[in-house]
Amino acid sequence: MIDIQTKIHDQFSIEFKVGFSGTEGVKVDHFDVNSWIFIPNSLDINKQTYSNDRFYTDMKSNVRLLTPAFTLKEMVEGEEAPIFHVKRALEDALKEPTPEHLDEYEFQLKLFASIFKSSIRNASALIMDHPDDPLTYERCLVYADDVVRVLQEFRNLREKINPRQEDMLTKMGFADEFISHQADIRTMKVLKAIAHSERQDMKEARKTLSELVVNEKAYKNERGYSHAIIGDEDNNRRLLRRHSLLKKYIESALFLKANTTQDGKAVKQISFSLAAGLAMMVYLLVTMPFQKYLGNYPSLIFFILVLFYILKDRIKELTRWLFAYQLKDKYYDNKTVVNIKDRQVGWIKEGMDFITDDKVPEEVLKLRARNKLEADNKLLEEKIILYRKRVEIDNAVLRNQYNYEFKGINDIIRYHINYLTKKMDNPVSVIACLDEQLQVQNLKAERVYALHFVMQFKWEDQVEYKVFHVMVNRNGILSINA
């Protein structure tokens, strides 16, 4: 199946996290994602001003494994719990500190921290999404108990490491600081969600969660970990950079090796060679009769040969275009091979092109839902980009890695809109109107542009559509509405 999550990543980029989950019992799965991007005509985005290379500069993606799913309680219970894999890797590294065992120890630390991030996010979201639910008090207590237990079980492992094994302690410290930070930010979000409840039990819940945050701050001070300090801008600036580096370090365990090449490069080169050969054959067939019958007029033959040489060049370019057009649907612009430990786990192909309304499926136009003014006004005619992706996943390779059952991959796509904002008008305009006293008042109004994304997901015999409306102006992205 295919799942998608969308958010504003930063002021000028939209993030689409597309999850591809393999089918149980199927060796190889194929998925298709077709995205139609509708762009206002006034932004002057077209084939001439917005090349494929420019588009792929703006459309960046990273491929990573889907994080194994565990609840907080499951992280420390049972022989297949993530904490068990960390313990085993630690014991192997202590017993026989070979490069292989040390690498496995570091990997299991990173994976444990990544799973904790996912687990605490899900646990906190259950509370935040239903802050007034009668069960919220019990959920808060369970959340606090589970978080404390996971943190304590993990931190107990430090006692097994000899102080002289500095590298192993350092790497455990990175993972420990990361999960402490995750516990802090997620608990603060829960506290914000339940801050306005006047129920007595929720006041007790806030007290319990606040104690968790206070205890973590004391622990960070003890260990020398970074943490927020009110009024200390330099410290908080360093804090953000520190956590950004930690995030990249921890999540590197899930990111996959990717090698991108031009798709169908050999076939395209052969087709272009055939086009050149065909053009030369036509040239020779046409010019040979003139050379035979006009041999006594060398000047005339010279001009005729030059003329047909020019035509030959045009024939070659036309034939190349026809070959490329025929290959477009079968081949894509790029092909990215995805590997785990030098074993290919799948590939992702992507292609981009500008198309017109008559090439857009009727279902997509209906989902775009243009209003009457947009539909009838030729000056508002949108430019349409079709961005295609085809994904293949080898489940047999994917599901037998790292002692975990990885069910699929995430393709994290970030579309940067900086280039699209270049020809936007000022973000704020002034509107004059009369107030109740018939005095002229100047009102400020935001000038916005709408980007519409209609996405089609296909796997097995399933087809689904998602629509996202993105409001932007020259200052960046304002909102995303599904």
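The shown structure was predicted, so the numbers you read here are calculated from the model rather than taken from an experiment. The chain is numbered in sequence order, starting from 1.
When all heavy atoms of Gly476 and Ile417 are compared, the closest pair comes out as C-CD1, 4.4 Å. When every heavy atom of Ile161 is checked against every heavy atom of Leu94, the shortest pair comes out as CA-CD2, 4.5 Å. Across Thr356 and Ile384, no two heavy atoms sit closer than the pair C-CD1, 4.3 Å. Contact record, Asn339 with Gln344: OD1-CA, 3.2 Å, taken as the closest heavy-atom pair. Minimum interatomic distance between Leu90 and Met168 (heavy atoms only, all atoms of both residues): CD1-CE, 3.5 Å.
Atom NZ of Lys220 sits in a crowded spot, with more than 12 heavy atoms from other residues, nucleotides or ligands closer than 6.0 Å. More than 12 heavy atoms of other residues, nucleotides or ligands sit less than 6.0 Å from atom NZ of Lys171. Within a 6.0 Å sphere centred on CD of Gln462, other residues, nucleotides and ligands contribute more than 12 heavy atoms. The local environment of NZ in Lys407 is sparse, with at most 12 non-hydrogen atoms from other residues, nucleotides or ligands closer than 6.0 Å.
Aromatic ring pairs are classed by plane angle as parallel below 30°, tilted from 30° to 60° and perpendicular above 60°; the pair Phe20 and Phe31 is tilted. Ring planes of Tyr50 and Phe354: perpendicular class, angle over 60° (limits at 30 and 60°). Relative orientation of the Phe468 and Phe16 rings is perpendicular, given thresholds of 30° and 60° on the angle between their planes.
Using a 4.0 Å cut-off between a side-chain N of Lys or Arg and a carboxylate O of Asp or Glu, Asp145 and Arg149 do not qualify as a salt bridge. In this structure, Glu350 does not pair ionically with Lys335, as no charged nitrogen and carboxylate oxygen lie closer than 4.0 Å. Taking 4.0 Å as the cut-off between side-chain N and carboxylate O, Arg155 and Glu216 count as a salt-bridged pair. Taking a cutoff of 4.0 Å between a charged side-chain nitrogen and a carboxylate oxygen, Asp32 and Lys389 do not qualify as a salt bridge. For Asp357 and Arg370, the salt-bridge test passes: some basic side-chain N is under 4.0 Å from an acidic carboxylate O. Ion pairing between a basic and an acidic side chain is recognised when a charged N comes within 4.0 Å of a carboxylate O; Lys117 and Glu251 show such pairing. Using a 4.0 Å cut-off between a side-chain N of Lys or Arg and a carboxylate O of Asp or Glu, Arg368 and Glu382 qualify as a salt bridge.
A donor-acceptor pair under 3.5 Å is absent between the side-chain atoms of Ser124 and the main chain of Thr187, judged by distance alone. Counting only distance, with no hydrogens or angles, the side chain of Arg206 and the backbone of Ile194 share a donor-acceptor pair below 3.5 Å. The backbone N or O of Ile115 lies less than 3.5 Å from no partner atom in the side chain of Thr67, so there is not a single donor-acceptor pair. Of the possible donor and acceptor atoms, one in the side chain of Tyr449 sits under 3.5 Å from a partner among the backbone N and O of Asp425. A donor-acceptor pair is defined here as one N or O able to donate and one able to accept, closer than 3.5 Å; such a pair exists between the side chain of Thr136 and the backbone of Asp133. In this structure a side-chain-to-backbone donor-acceptor pair under 3.5 Å is present from Arg474 to Met424. Distance alone, capped at 3.5 Å, is enough to place a donor-acceptor pair between the His101 side chain and the Glu96 backbone. Side chain of Asn236 to backbone of Ala228: no donor-acceptor contact under 3.5 angstrom is found. Using a distance-only test at 3.5 Å, with no hydrogens or angles considered, a donor-acceptor pair links the side chain of Asp10 to the main chain of Ser13. Put simply, the side chain of Thr71 gets close to the backbone of Glu74: a donor and an acceptor are under 3.5 Å apart.
Side-chain N/O atoms of Tyr219 and Asp176 include a donor and acceptor closer than 3.5 Å. Thr6 and Glu15 are not linked by any side-chain donor-acceptor pair at a separation below 3.5 angstrom, with hydrogens and angles left out of the test. Defined by atom type and a distance below 3.5 Å, a donor-acceptor pair is present between the side-chain atoms of Thr23 and Asp29. Using a 3.5 Å distance cut-off with no hydrogens or angles, the side chains of Tyr249 and Glu106 do pair a donor with an acceptor. Between Tyr56 and Asp333, the side chains place a donor N or O and an acceptor N or O closer than 3.5 Å (distance only, hydrogens not considered). Side chain to side chain, His30 and Glu392 meet the donor-acceptor criterion of an N or O pair below 3.5 Å. Under 3.5 Å, the side chains of Lys248 and Ser252 contain no donor-acceptor pair of N or O atoms. Between Arg54 and Ser51, the side chains place no donor N or O within less than 3.5 Å of an acceptor N or O (distance only, hydrogens not considered). A donor-acceptor contact closer than 3.5 angstrom is absent between the side chains of Lys349 and Asn334.
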Val33 vs Gln456, side chain to side chain contact (heavy atoms under 4.5 Å, CB included): CA-CA, chis, key distance, verdict: CA-CA 6 Å; Val33 179; Gln456 178 196 64; over 6 Å; no

Tyr387/Phe55 under ring pair (Phe, Tyr, Trp, His ring centres under 6.0 Å): CA gap, chis, key distance, verdict: CA-CA 10 Å; Tyr387 178 49; Phe55 175 80; 5.2 Å; yes

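Annotation: Phe116 is not in aromatic contact with Phe178 [ring centroid separation under 6.0 Å not met].
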